[in-house]
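Throughout, a chain's letter reflects where its sequence line sits, starting with A, and its residues are numbered from 1.
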There are 4 protein chains.
Amino acid sequence: METKTISRRERQKIAQRMEMLAAALELFSEKGYHNVSMHEIAAKAEFAIGTLYKFFSNKEDLYKALILEQSDRFHVALSKALESPGDEIEKLRQYVQAKGEVFRENAATIRLYFAETRGASLNIMAGVDQDIRNRREGFLKRIAAIFESGIRAGRFHQIAEPYILAVALDSLCSAFLFLWLENPENHSYPEDPDAILNILFKGLVQT
Amino acid sequence: METKTISRRERQKIAQRMEMLAAALELFSEKGYHNVSMHEIAAKAEFAIGTLYKFFSNKEDLYKALILEQSDRFHVALSKALESPGDEIEKLRQYVQAKGEVFRENAATIRLYFAETRGASLNIMAGVDQDIRNRREGFLKRIAAIFESGIRAGRFHQIAEPYILAVALDSLCSAFLFLWLENPENHSYPEDPDAILNILFKGLVQT
Amino acid sequence: METKTISRRERQKIAQRMEMLAAALELFSEKGYHNVSMHEIAAKAEFAIGTLYKFFSNKEDLYKALILEQSDRFHVALSKALESPGDEIEKLRQYVQAKGEVFRENAATIRLYFAETRGASLNIMAGVDQDIRNRREGFLKRIAAIFESGIRAGRFHQIAEPYILAVALDSLCSAFLFLWLENPENHSYPEDPDAILNILFKGLVQT
Amino acid sequence: METKTISRRERQKIAQRMEMLAAALELFSEKGYHNVSMHEIAAKAEFAIGTLYKFFSNKEDLYKALILEQSDRFHVALSKALESPGDEIEKLRQYVQAKGEVFRENAATIRLYFAETRGASLNIMAGVDQDIRNRREGFLKRIAAIFESGIRAGRFHQIAEPYILAVALDSLCSAFLFLWLENPENHSYPEDPDAILNILFKGLVQT
DNA sequence: TATGAATGAGCTTTCATTCAT
DNA sequence: AATGAATGAAAGCTCATTCAT
């Protein structure tokens, strides 16, 4: 019974925390980190400012938690894609598809992350940013391994080092996703992952 | 003598302006727009705060001037590359090379631009940002035209629409340049433009 | 108990607001609107600057509140006087007396209002000023109506239009009150309203 | 020849000074003392800011000079009126008329003076203000003397002390002049001085 | 002598954070 | 435990004044 009471309280706490993060995400992604005040977030989440500070010791902490929480969801989705059964091509297709879905479902977070973090790795956000970079590095290495395996299996020409190919694939995804972010109607990618893969897969220059 | 006096003054003004912009660039790219105060910039440039405001009517104005000034230099360099003589492949090579050089020479500005602008088009920087986006759009269309011409000339397979190819090429450049930005020793790109072109040019998948 | 707590808080809020307004009034009337800083007011009222801004959203707002609050008190007192029972002469006597009392009790505010507002209707204070002017206009019309009624009743000679008489009476009051404001000992008016009325009432020129 | 050179220079200086004061008057009366910068005045007068400071050691000094200069002109005009030939009634009529003219011709100055000075006698303008007050006091005494003489001559009833009558007359003039200042079309006074004198002269209450 | 570039004290205002209730 | 009133450091910006030219 003790544990149940505690767990109910904890469940409530988690729910409150989520509401706060949701409010913060909405505001941050709409107006940018520096143009949102802690009072605004508290008001939107319908908590007192003091309560907000009970959960997050300062604004930066709240921001980091937000980014990390979202990053976790991405991590899970992308990891699952890379572990999908099938040959190298299938794995990459799954990855490209998963990235598209994750992106589409979390446009707000991504907008926020790119608005506030890119290049700002040297300042406030250093901590989060490093974490995110490390994760990206991890994915790049796993994708590189897939390319390497594909090359060894004779499935891919070795047109570049595997890590380079991984960066190329990932950045092509991001580029087209940003295109879609700016103008959701005009672009095919997130719906059709092969559109991207083809660019990398088909030889462009006549032979 | 009159003209000389005036020109000396004007030269001094330009020099002062440059010092201010340099100080601002250094601080902005190190700490981010919102974490740098006008006093800080003035102090770093060794001018009084009032003098800074004589040159730039407010903080946003200073930021815009900084970005636009750099953007002009990029524009000139990249335009020249796209107008170079030679076939489509040569033009693209020149572009990739020019982008690499410009990037390497202006790492700080680029860091700043990506730190503050991406997605922040909703806030303060809307004006500059639109300008920069328009320029990028212009380049993408010119690159797309080169791809189209190359396809018509039978030099390229039509593996995707020209505009898509343009986005792909440009974002591959950016991706590898950011890689280099983070870790200048380990990457070949800015020195060897063909490393990038090959990814797009050579067929990856076995045929 | 709930209500009592709330009412205690509200009472405290009102008390704080009054302290702030009192501090502001003292400083403004001593040094003039533009020569008093918000920090000064906060310090004099013994609040933090942020607390001051919780109550008044900016300096102008504080000033307007100050003037309007006082203006209300004048309005009430003078209106009551004009509605007093008795004939026209009695009503006017009541008005002159009430104006004297109100003036004497609020010398600081009046000093402030005349220091900052007169003719400055072109600047910041346009809003309040118009309000005050409208109120004055209202009183002048009510006084004019009394004169008119007195003339119709044969109690007054029609030596000028009623509105002109109203202006004359009101400005005589003000003139003597300013005299008293500058040198409180030497003048009889606020204590003896008939001193003023007589000037208007008794024929000056021999007939 | 020496003297002539000097006098030419001095004439020029006086002319420059007048241009500066004229520019300052226009700006001050339009926007109020605190809303006009020294740069604005210098620009309007078409002098360098440094030159302005050669003539007036600071902003307050410029303001005082402006008010005093205008005050001199009033002084001369009003003094002349009080010294006009004729009996007491004629002298007063001349005064009322002169005040009206002076007022009409110098509306800008008067607006300025009343906007910035009234009641602010305790702050910046203390010096000027005292000077102006002293002059007003002087006029009031001279007018009082006229009333006294008129009373002794049996021309006036002694309905109040002469000084009080002087204040009454002067403030009636001012009141109606302000009425005209706010709404130049609707009022007769500055054109018809008897309109005011009558209020004081004719008995109002039936006898 | 006239200039106007340069100065920096000081203003209004915001907002992350604390802590008594 | 939750609240939100109170805090005050620090920001952007203005403008009276100075002084080297």
Side-chain angles (χ1 to χ4, degrees), chain A residues 9 12-13 16 33-43 46-63, chain B residues 5 8-10 12-13 16 33-43 45-63 124, chain C residues 5 8-10 12-13 16 33-43 45-62, chain D residues 9 12-13 16 33-43 46-63:
Chain A
R9 274 195 194 151
Q12 198 208 7
K13 270 205 156 182
Q16 287 177 327
Y33 180 81
H34 288 282
N35 302 308
V36 173
S37 75
M38 291 297 268
H39 269 99
E40 244 175 310
I41 296 169
E46 298 183 291
F47 289 99
I49 183 76
T51 310
L52 187 58
Y53 272 90
K54 282 276 189 302
F55 283 81
F56 306 98
S57 62
N58 54 46
K59 193 181 178 185
E60 192 187 329
D61 190 54
L62 167 56
Y63 174 79
Chain B
T5 309
R8 184 159 3 127
R9 269 192 200 156
E10 285 188 349
Q12 199 208 5
K13 259 204 159 181
Q16 287 177 323
Y33 179 80
H34 288 285
N35 303 307
V36 173
S37 75
M38 290 299 266
H39 270 98
E40 243 175 310
I41 297 170
E46 298 186 288
F47 289 99
I49 184 73
T51 310
L52 186 57
Y53 274 92
K54 280 273 190 307
F55 283 81
F56 306 98
S57 60
N58 53 48
K59 193 181 177 185
E60 192 186 331
D61 189 56
L62 168 56
Y63 174 78
I124 340 175
Chain C
T5 308
R8 179 151 16 118
R9 269 192 199 153
E10 284 188 349
Q12 198 207 6
K13 260 204 156 179
Q16 287 176 324
Y33 180 81
H34 288 282
N35 303 307
V36 174
S37 76
M38 290 297 267
H39 271 100
E40 243 176 308
I41 296 170
E46 297 185 291
F47 290 98
I49 183 74
T51 310
L52 186 58
Y53 274 91
K54 279 273 190 307
F55 283 79
F56 305 97
S57 60
N58 53 47
K59 194 180 175 185
E60 191 186 332
D61 189 56
L62 168 55
Chain D
R9 275 194 195 152
Q12 198 207 6
K13 270 205 156 182
Q16 287 177 327
Y33 180 80
H34 287 282
N35 302 309
V36 173
S37 74
M38 291 298 267
H39 268 99
E40 243 176 309
I41 297 169
E46 298 184 291
F47 289 98
I49 183 76
T51 312
L52 187 58
Y53 272 89
K54 283 276 190 300
F55 283 81
F56 306 98
S57 60
N58 54 46
K59 193 179 177 185
E60 192 187 328
D61 190 54
L62 167 56
Y63 175 77

Point to revise | Test log, rule side chain to side chain contact (heavy atoms under 4.5 Å, CB included), inputs C:L52 and C:H39 | key: CA-CA 9 Å; C:L52 186 58; C:H39 271 100; over 6 Å; no
In whole angstrom, what separates [X]'s [atom1] from [N]'s [atom2]?
X     : N      : atom1 : atom2 : answer
C:K59 : E:dT14 : NZ    : P     : 15 Å
B:L62 : F:dC13 : CG    : C1'   : 14 Å
B:Y33 : F:dA11 : OH    : P     : 13 Å
C:M38 : E:dC11 : CE    : C1'   : 11 Å
A:I41 : F:dG4  : CD1   : C1'   : 16 Å
A:Y63 : E:dA16 : OH    : P     : 15 Å
B:H39 : E:dT7  : NE2   : P     : 12 Å
A:H34 : F:dA10 : NE2   : P     : 16 Å

**Study point:** Comparing C:V36 and B:E46 on DNA chain E - which has the more 5′ nearest nucleotide
**Key:**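 Comparing both residues, the 5'-ward one is B:E46.
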Review point. Which atom pair, heavy atoms only, marks the closest approach of A:H34 to A:K59?
Key: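 Taking every non-hydrogen atom into account, CA-NZ, 4.1 Å.
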Point to revise | Nearest heavy-atom neighbours spanning B:N58 and B:M38 | key: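 Smallest interatomic distance, heavy atoms only, reads C-CE, 4.0 Å.
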[X] has a side chain; which of [options] sits nearest to it?
X     : options               : value
C:A48 : F:dT7, F:dG12, F:dT3  : F:dT7
C:I49 : F:dA9, E:dT17, F:dC13 : F:dA9
C:F55 : F:dG12, E:dT12, F:dA6 : F:dA6
C:Q12 : E:dT13, E:dA16, F:dA6 : F:dA6
B:F47 : E:dT7, F:dT17, E:dG8  : E:dT7
C:Y53 : F:dA16, E:dT3, E:dT13 : E:dT13

May I ask you to evaluate whether [X] reaches the phosphate of [N], defined as a side-chain N or O under 4.0 Å from OP1 or OP2?
X     : N     : value
B:T51 : E:dA5 : no
B:Q16 : E:dA6 : yes
C:K54 : F:dA5 : no

Review point. Atom CG of B:L62 and atom CD1 of B:I41: how far apart are they, to the nearest 0.5 Å?
Key: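 Here the interatomic distance stands at 5.0 Å.
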Check your understanding: What distance do D:R9 atom CZ and D:Q16 atom CD have between them, rounded to the nearest 0.5 Å?
Key ->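 Output value for this atom pair is 11.5 Å.
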Exercise for review: Report the residue (B:S37 or A:K13) whose heavy-atom-nearest nucleotide on DNA chain F is the more 5′ of the two.
Suggested key: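 It is A:K13, whose closest nucleotide lies nearer the 5' terminus.
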Review point. Should the pair C:F47 and C:F55 be assigned to parallel (<30°), tilted (30 to 60°) or perpendicular (>60°) ring geometry?
Key: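 Tilted.
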**Study point:** Base-pairing assignment for E:dC15 (Watson-Crick or G-U wobble, both under 3.5 Å)
**Key:**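 Looking at the geometry, E:dC15 pairs with F:dG8.
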Point to revise | Pairing nucleotide - E:dA20, Watson-Crick or G-U, each distance under 3.5 Å | key: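 E:dA20 is paired, partner F:dT3.
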